[in-house]
Engineer: 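Here's a structure for you.
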Amino acid sequence: MTDRFQYALRAGIVFVAFTIAAFGLATRPLAAAEQAYSASDIQKMIIGKRIYLAAPMGGEFPLNYRRSGVVDGSGEAVGLGRLAKPNDTGRWWIKDDRLCQQFTTWYKGAPMCFELYRTGATTLKWIRDNGQTGTARIGESI
């Protein structure tokens with residue numbers, strides 16, 4: 001084999017290996033890079049803060065997790081007032097490293113719990129107990 005051919009063969013092998021590795025990384029779930037919140041993390045990072053949920057149609061939906069155990073929110077910024085009651089209040093609690101909440105009217109008053117995963121310094125991914133997922137950002141203290 002000529003040096004030129006060997007160089008081209010090595011370059012081709014490297015390219016194929018890199019492509020396979022890059023494709024594998026792109027399709028692998030991000031869970032390995034995400035860190036689950038513990039009850040202590042939730043208490044430190046979420047409680048006493050305004051959390052902005054990313055709305056599916058754009059914008060952010062703020063929820064206030066007050067230290068008193070009250071959670072309240074306003075959907076006016078994302079147009080919730082056209083479809084449902086724009087503001088609601090409920091309660092939050094922590095159970096088994098999950099953040100739980102129950103509103104007065106939203107979600108027909110049904111309780112729900114969320115696993116939280118840190119995705120950045122002020123960003124997180126949530127997984128609701130029904131499997132629904134989304135993202136949020138941690139805002140200012142309230």
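Worth saying up front: this structure is predicted, and the values here are computed from it rather than measured.
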Engineer: Pair Ile46, Trp92 - check side-chain contact (heavy atoms from CB on, under 4.5 Å), show working.
Structural biologist: CA-CA 11 Å; Ile46 306 298; Trp92 66 263; over 6 Å; no

Engineer: Could you list the residues that satisfy side chain to side chain donor-acceptor pair (under 3.5 Å) with Asp41, not counting sequence neighbours?
Structural biologist: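 For Asp41 the side chain to side chain donor-acceptor pair (under 3.5 Å) partners, ignoring immediate neighbours, are Ser38.
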
Engineer: Checking Arg66 now: which residues fulfil salt bridge (Lys or Arg N to Asp or Glu O under 4.0 Å) with it, not counting sequence neighbours?
Structural biologist: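 Checked Arg66 against salt bridge (Lys or Arg N to Asp or Glu O under 4.0 Å); matches are Asp72.
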
Engineer: Tell me, please, which residues at least two apart from Gln43 pass side chain to side chain donor-acceptor pair (under 3.5 Å).
Structural biologist: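 Not a single residue meets the side chain to side chain donor-acceptor pair (under 3.5 Å) criterion with Gln43.
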
Engineer: What disulfide (SG to SG under 2.5 Å) pairs are there with at least one residue in residues 39-71, not counting sequence neighbours?
Structural biologist: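 Output for this query is empty, none listed.
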
Engineer: Show every salt bridge (charged side-chain N to carboxylate O under 4.0 Å, His left out) that has at least one partner inside residues 94-108, sequence neighbours left out.
Structural biologist: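 Residue pairs with at least one partner in residues 94-108: there are none.
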
Engineer: Please report the C-alpha distance between Met112 and Asn130 in whole Å, then the side-chain angles of each, then the deciding distance to 0.1 Å, and finally whether the side-chain contact (heavy atoms from CB on, under 4.5 Å) criterion is met.
Structural biologist: CA-CA 8 Å; Met112 60 189 78; Asn130 68 357; over 6 Å; no

Engineer: Taking Thr135 for its side chain and Ala54 for its backbone only, find out whether a donor-acceptor pair lies under 3.5 Å.
Structural biologist: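 No; judged by distance alone, with no hydrogens or angles, the pair does not exist.
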
Engineer: Same cluster for Tyr107 and Leu99 if Ile/Leu/Val/Met/Phe/Trp/Tyr side chains link at under 4.5 Å?
Structural biologist: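 Same hydrophobic cluster.
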
Engineer: Partners of Arg128 by side chain to side chain donor-acceptor pair (under 3.5 Å), sequence neighbours excluded?
Structural biologist: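 Gln132.
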
Engineer: Measure from the ring center of Tyr65 to the ring center of Trp93 and say whether it is less than 6.0 Å.
Structural biologist: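 That pair fails the under 6.0 Å test.
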
Engineer: Between Lys125 and Glu34, is any pair of side-chain heavy atoms under 4.5 Å apart?
Structural biologist: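 Yes - at least one pair of side-chain heavy atoms lies under 4.5 Å apart.
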
Engineer: Which atom names give the shortest non-hydrogen contact between Gly73 and Leu63, and what distance separates them?
Structural biologist: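 That would be CA-CD2, 3.8 Å.
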
Engineer: Look up atom CD in Glu115 and atom CG in Asp129, then write down how far apart they are to the nearest 0.5 Å.
Structural biologist: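 Glu115 atom CD to Asp129 atom CG measures 9.0 Å (nearest 0.5 Å).
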
Engineer: Do Thr89 and Val71 come close enough that some side-chain heavy atom pair is under 4.5 Å?
Structural biologist: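 With C-beta onward as the side chain, the pair stays apart.
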
Engineer: Suppose we screen for salt bridge (Lys or Arg N to Asp or Glu O under 4.0 Å). Which residues come up paired with Arg50, at least two apart in sequence or across chains?
Structural biologist: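 Residues passing salt bridge (Lys or Arg N to Asp or Glu O under 4.0 Å) with Arg50: Glu140.
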
Engineer: Tell me whether Ile142 is reachable from Leu124 by hopping between hydrophobic residues (I, L, V, M, F, W, Y) whose side-chain heavy atoms are closer than 4.5 Å.
Structural biologist: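 The answer is no; the residues belong to distinct hydrophobic clusters.
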
Engineer: Between CD1 of Ile127 and CZ of Phe114, what distance do you get to the nearest 0.5 Å?
Structural biologist: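 These two atoms lie 11.5 Å from each other.
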
Engineer: List in chain and number order the residues that pass ring-ring contact (aromatic ring centres under 6.0 Å, His included) with Tyr52, two or more places apart in sequence or in another chain; answer none if no residue qualifies.
Structural biologist: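 By the ring-ring contact (aromatic ring centres under 6.0 Å, His included) rule, Tyr52 matches no residue at all.
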
Engineer: I'd like to check the side chain to side chain donor-acceptor pair (under 3.5 Å) partners of Thr123; sequence neighbours left out, ordered by chain and number.
Structural biologist: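 Partners of Thr123 by the side chain to side chain donor-acceptor pair (under 3.5 Å) criterion, ordered by chain and then number, come out as Thr119.
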
Engineer: Looking at Met45 and Ala121, what are the two nearest heavy atoms and their distance?
Structural biologist: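 Closest approach of Met45 to Ala121, heavy atoms only: CE-O, 4.3 Å.
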
Engineer: Could you give all pairs that pass the disulfide (SG to SG under 2.5 Å) test and reach residues 103-142, with sequence neighbours left out?
Structural biologist: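 Of all non-adjacent pairs touching residues 103-142, those that pass disulfide (SG to SG under 2.5 Å) are Cys100-Cys113.
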
Engineer: What heavy-atom pair brings Pro62 and Ser74 nearest, and what distance separates the two atoms?
Structural biologist: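 Heavy atoms of Pro62 and Ser74 come nearest at CD-O, 3.4 Å.
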
Engineer: So does Gly109 get a backbone contact from the side chain of Gln102, meaning a donor-acceptor N/O pair under 3.5 Å?
Structural biologist: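 Yes, the answer is positive, given that a donor and an acceptor are paired below the 3.5 Å cut-off.
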
Engineer: Taking salt bridge (Lys or Arg N to Asp or Glu O under 4.0 Å) as the definition, give me every residue that meets it alongside Arg137, ordered by chain and number, with sequence neighbours left out.
Structural biologist: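 By the salt bridge (Lys or Arg N to Asp or Glu O under 4.0 Å) rule, Arg137 matches Glu60.
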
Engineer: Can you find a heavy atom in the side chain of Arg118 that is under 4.5 Å from one in the side chain of Tyr37?
Structural biologist: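 Side-chain contact under 4.5 Å: yes.
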
